[in-house]
Number of protein chains: 2
Amino acid sequence: MSNSENSPVRESPIPMSECGAALAIEQVPDRWTWLILREMLYGVGRFADIQADIGIPKSVLSGRLTQIVENGLAKKKAYRDGSSRTRHAYVLTQKGRELAPVILALMQWGDKHIKNGESALELTDKRSGNPVKIGIVHKGGALPLRWLSFAPAHKKDPAKSPD
Amino acid sequence: MSNSENSPVRESPIPMSECGAALAIEQVPDRWTWLILREMLYGVGRFADIQADIGIPKSVLSGRLTQIVENGLAKKKAYRDGSSRTRHAYVLTQKGRELAPVILALMQWGDKHIKNGESALELTDKRSGNPVKIGIVHKGGALPLRWLSFAPAHKKDPAKSPD
DNA sequence: TTTCTGAGTTTGACATTTGGACTCTGCTCT
DNA sequence: AGAGCAGAGTCCAAATGTCAAACTCAGAAA
């Protein structure tokens with residue numbers, strides 16, 4: 001990486017107002033928002049389901065969903081399962097779906113550093129079926145998001161990832 | 001991606017307690033912690049400098065730094081610049097440095113969706129000098145973190161990234 | 001019409017965050 | 001040695017956010 005040398009830098013090379021990361025953090029400012037987006041990434045979109053999965057108080061969930069929709073990360077969609085009544089679910093927009101690499105990078109990090117290399121979710125290239133990960137690539141060398149597929153990992157011995 | 005079909009999933013395929021992402025979020029639970037780690041990634045490590053850059057109240061910074069150190073993401077190091085007095089700076093540990101892909105993915109997202117494609121930081125492969133990004137790669141196809149170098153982008157017209 | 005259920009909103013006690021003032025420590029200057 | 005000073009906190013009251021439980025509301029079912 002660039003620096004990490006002896007004497008520390010005095011000032012961030014990119015001021016907050018121009019830093020994509022700082023601006024992004026404003027749209028996903030807290031734990032709950034991350035967890036909600038994680039649920040949506042998995043396809044869990046109904047109010048009560050999200051609430052049950054992550055244990056968030058209803059009032060807080062309500063507020064966060066409003067924010068998430070306002071920021072254009074998800075939208076509320078009506079759907080109907082088996083001629084029953086109309087229901088609503090929150091689904092990620094394109095903008096929201098493109099946060100997937102961030103969440104998955106976070107997951108990789110957690111799997112490595114907190115779960116000692118045991119990952120619960122397996123990422124694959126939808127076409128070839130080959131395993132993939134989030135990493136540093138030459139420009140043009142990344143797979144498009146739409147080829148990404150994930151499924152719960154079959155419990156294997158947690159061999160260290162060969163990369 | 002996997003689902004995003006008509007009727008939503010009822011339950012997350014990975015419970016919180018086994019999800020690397022959920023566990024990771026616990027170590028970086030809020031806005032301030034992310035911003036502090038961003039500063040450290042840039043090499044800004046002194047208390048007062050971090051405070052000035054991101055505008056965090058001292059008492060909060062103090063608390064967050066304690067947490068960050070407890071979680072093993074950074075450690076406090078003494079250093080001396082030019083025969084002056086001993087000073088202290090917080091520097092990322094290996095564990096902390098490996099959050100770089102997450103922060104950079106977040107930055108890419110922010111650059112694309114909030115700054116309309118104009119990125120302030122340029123990532124390159126330290127050896128070849130070629131531009132790189134964070135993305136989905138086949139296992140074994142990613143560049144190691146230590147080859148990553150970054151520098152403020154020279155202001156160009158914000159051409160959309162060709163990937 | 002009444003009941004039920006999912007999806008919120010309101011309420012009020014409790015906890016955290018803020019920003020400013022204050023403290024402590026260890027150089028450095030004289 | 002003593003005074004001065006900057007870095008790195010700590011402390012405090014007010015503003016803000018969080019929680020769980022109770023309440024509301026709309027549409028489908030009975």
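A note on names: the letters A, B, ... follow the listed sequences, proteins ahead of strands, and every chain is numbered from 1. This structure is a prediction, so every number in the text was calculated from the model and none was measured.
Atom P of nucleotide D:dG7 and atom NZ of B:Lys77 are separated by 21 Å, given to the nearest angstrom. The distance from atom CG of B:Asp30 to atom C1' of D:dT18 is 14 Å, rounded to the nearest whole Å. Taking atom CD of A:Gln67 as the reference point, atom C1' of D:dT18 lies 14 Å away to the nearest angstrom. When rounded to the nearest whole Å, the span between NE2 of B:His88 and P of C:dC24 equals 19 Å. Atom C1' of nucleotide D:dA8 and atom CZ of B:Phe47 are separated by 6 Å, given to the nearest angstrom. Rounded to whole Å, the distance from CD1 on B:Ile36 to C1' on C:dT17 is 13 Å.
B:Trp109 places a side-chain N or O within 3.5 Å of a backbone atom of A:Lys95 that can act as its donor or acceptor partner. Side chain of A:Lys76 to backbone of A:Leu65: no donor-acceptor contact under 3.5 angstrom is found. Side chain of B:Lys115 to main chain of A:Glu18: a donor-acceptor pair is present (N/O by atom type, distance under 3.5 Å, no hydrogens or angles). A donor-acceptor pair is defined here as one N or O able to donate and one able to accept, closer than 3.5 Å; such a pair exists between the side chain of B:Asp125 and the backbone of B:Arg127.
Remark: B:Lys76 is not in phosphate contact with D:dG7, judged by side-chain N or O atoms under 4.0 Å from OP1 or OP2. Residue B:Tyr90 has no polar side-chain atom (N or O) positioned under 4.0 Å from OP1 or OP2 of D:dG7. Remark: B:Trp32 is in phosphate contact with C:dT18, judged by side-chain N or O atoms under 4.0 Å from OP1 or OP2.
Scanning for side-chain contact (heavy atoms from CB on, under 4.5 Å) contacts around B:Thr124 gives B:Ser149, with sequence neighbours left out.
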Donor-acceptor pairs are to be reported for all side-chain atoms of residues 53-61 of chain A against protein atoms at under 3.5 Å, with residues two or more places apart or in another chain.
from: A:Asp53; atom 1: OD2; to: B:Ser12; atom 2: N; distance (Å): 2.8

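Heavy-atom distances under 4.0 Å link DNA chain C to A:Lys58, A:Ser59, A:Ser62 of residues 49-66 of chain A, given in residue order.
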